[in-house]
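Structure record follows, encoded as structure tokens.
Just follow the structure's listing: the first ligand is 1, and inside any ligand the first atom is 1. As the structure is a prediction and not an experimental result, all values here were calculated from the model. Along the sequence shown, residues are numbered consecutively beginning with 1.
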Amino acid sequence: MTFAKVTATAHYAPEQVVTNDELSHIMATSDDWIASRTGIRQRHIVQDENTSDLAANVGLQLLKKAALAAEDLDFIIVATVSPDGNMPSTASLVQAKLGASKAFAFDLTAACSGFVYALSVADKLLASGAYRNGIVIGAEVLSKIVDWSDRSTSVLFGDGAGGVLLQAISETPLILAETLKSDGQRGMSLTSHLTQPKSPFSTPELSDDLFLKMDGRAIFDFAVRDVPKNILESLEKAELSPDDIDYLLLHQANSRILDKMARKIKTDRSKFLQNMQAYGNTSAASIPILLSEAVDAGTIQLDGSQKLVLTGFGGGLTWGTLVVKI
Ligand code: ACO
């Protein structure tokens with residue numbers, strides 16, 4: 001049996017950087033409030049690019065790094081909650097931009113768990129033996145879905161994309177254990193683009209609710225209660241202890257959440273990589289941007305020598321952990 005291997009990583013963020021101080025000029029907030037509660041100091045915000053532009057930039061970098069032709073791609077999965085539109089999918093737009101004429105392409109919606117879910121799906125596609133090369137990208141332009149009149153959410157999010165090239169070339173599994181979870185019962189605590197029936201035959205009573213809305217406290221509590229259990233369960237399945245893990249790459253929502261996770265998992269906080277200070281919360285893009293930056297810095301090597309925990313959590317509610325040997 002042949003397994004998936006991550007052979008390249010890449011990330012891209014729009015050039016425009018907006019600092020907390022700059023936000024304080026357009027709304028009642030401050031660098032102190034944002035940084036002390038979240039760890040975020042700045043975020044990248046698009047001017048004229050859309051989600052597929054960010055994702056295609058990552059896709060092109062991945063192909064270049066691996067010296068792979070676009071026609072050699074079998075599939076493209078884009079995890080996003082801020083697609084260019086519902087049709088065509090952002091992944092289809094990326095396929096066109098790359099010229100990956102033989103690839104099938106689809107979007108996957110699992111909010112801040114999107115990259116982890118998509119990597120799990122891609123791993124199975126490649127292990128099936130039916131495909132050889134696939135790209136998984138997390139890409140978001142959250143600046144177009146946040147409500148800029150709501151300071152409690154708009155300061156938290158940013159735009160960006162990150163991704164991995166996966167190739168079926170390994171004799172050993174990439175994913176040592178995984179635990180993916182959803183709880184739709186709690187789904188309304190984080191919503192965006194809620195639309196209602198509109199036709200000559202429907203009852204025109206309910207209005208659309210397009211902007212991102214979040215019950216921050218509920219999500220914070222969910223993250224610190226459910227996510228550590230999910231990580232520990234995954235480690236137990238892999239028959240590993242936290243000490244066996246080189247680095248933990250968690251969704252970058254809030255540095256206080258990472259502090260609490262480190263205490264609950266009883267793991268050195270320095271093993272939790274962190275870059276939300278530079279990007280804000282980029283939902284499905286946060287983990288692949290973090291991974292790509294760590295590979296660029298030499299902190300993580302793609303030589304099969306390190307064990308990582310990748311954990312997403314967010315809208316759905318969704319959460320999930322992959323324990324990977326990368
Ligand atoms: N600047 C200044 N003051 C603000 C701001 C702001 N940007 N936003 C809110 N406030 C005020 C509030 O109005 C409130 O004032 P009040 O006490 O006078 O009413 C006060 O600050 C405290 O607000 P809280 O909501 O209690 O602040 P809290 O300490 O809970 O932090 C935060 C809020 C940062 C959103 C936190 O709850 C959090 O990080 N939640 C988790 C978010 C998360 O993890 N999301 C992940 C998933 S995202 C996804 O899936 C897309």
Under 4.0 Å from [atom], can you find at least one protein heavy atom?
atom	value
atom 27 (O) of ligand 1	yes
atom 32 (C) of ligand 1	no
atom 45 (N) of ligand 1	yes
atom 14 (C) of ligand 1	no
atom 10 (N) of ligand 1	yes

Who passes salt bridge (charged side-chain N to carboxylate O under 4.0 Å, His left out) against Lys266, sequence neighbours left out?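 Salt bridge (charged side-chain N to carboxylate O under 4.0 Å, His left out) check on Lys266 returns nothing, list empty.
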
Going by salt bridge (charged side-chain N to carboxylate O under 4.0 Å, His left out), name the residues that satisfy it together with Arg269, two or more places apart in sequence or in a different chain.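 Listed in chain order: Asp259.
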
Between [Y] and [X], does any NZ, NE, NH1 or NH2 come within less than 4.0 Å of an OD or OE carboxylate oxygen?
X	Y	result
Lys198	Asp208	yes
Glu236	Lys229	no
Lys5	Asp123	no
Lys97	Asp53	yes

May I ask whether [X] has any heavy atom positioned less than 4.0 angstrom from an atom of ligand 1?
X	result
Gly315	yes
Ile34	no
Met27	no
Gly316	no

Would you check whether [X] has a nitrogen or oxygen atom less than 3.5 angstrom from a nitrogen or oxygen atom of ligand 1?
X	result
Thr29	yes
Ser283	no
Thr38	no

Run down the list [options] and name the one with the heavy atom closest to [atom].
atom	options	answer
atom 41 (C) of ligand 1	Gly216, Ser82, Ala284, Ala110	Gly216
atom 42 (C) of ligand 1	Met214, Arg217, Arg151	Met214
atom 51 (C) of ligand 1	Cys112, Ser36, Gly314	Cys112
atom 43 (C) of ligand 1	Asp221, Ile219, Leu156, Asn20	Ile219

Mind checking whether Ile289 and Asn275 have side chains closer than 4.5 Å, heavy atoms only?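 They are in contact (side-chain heavy atoms under 4.5 Å apart), so the answer is yes.
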
Got a second to check how far Phe211's CZ is from Thr191's OG1, nearest 0.5 Å?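 If I round to the nearest 0.5 Å, the distance is 12.0 Å.
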
Count I, L, V, M, F, W, Y as connected when their side-chain heavy atoms are under 4.5 Å apart, and connections chain through other members. Are Ile135 and Val6 then in the same cluster?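 Shared cluster, no.
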
Go through ligand 1 atom by atom and flag the ones less than 4.0 Å from a non-hydrogen atom of Asn254.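 Once the distances to Asn254 are compared, the set is 34 (C), 38 (C), 39 (O).
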
Select one of side chain, backbone, both or neither to describe which atoms of Thr153 lie under 4.0 Å from any atom of ligand 1, heavy atoms only.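 Neither; nothing of Thr153 gets under 4.0 Å from ligand 1.
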
Before we go on, tell me: are the rings of Phe104 and Tyr131 under 6.0 Å apart, centre to centre?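 Yes, the ring of Phe104 comes within the 6.0 Å limit of the ring of Tyr131, centre to centre.
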
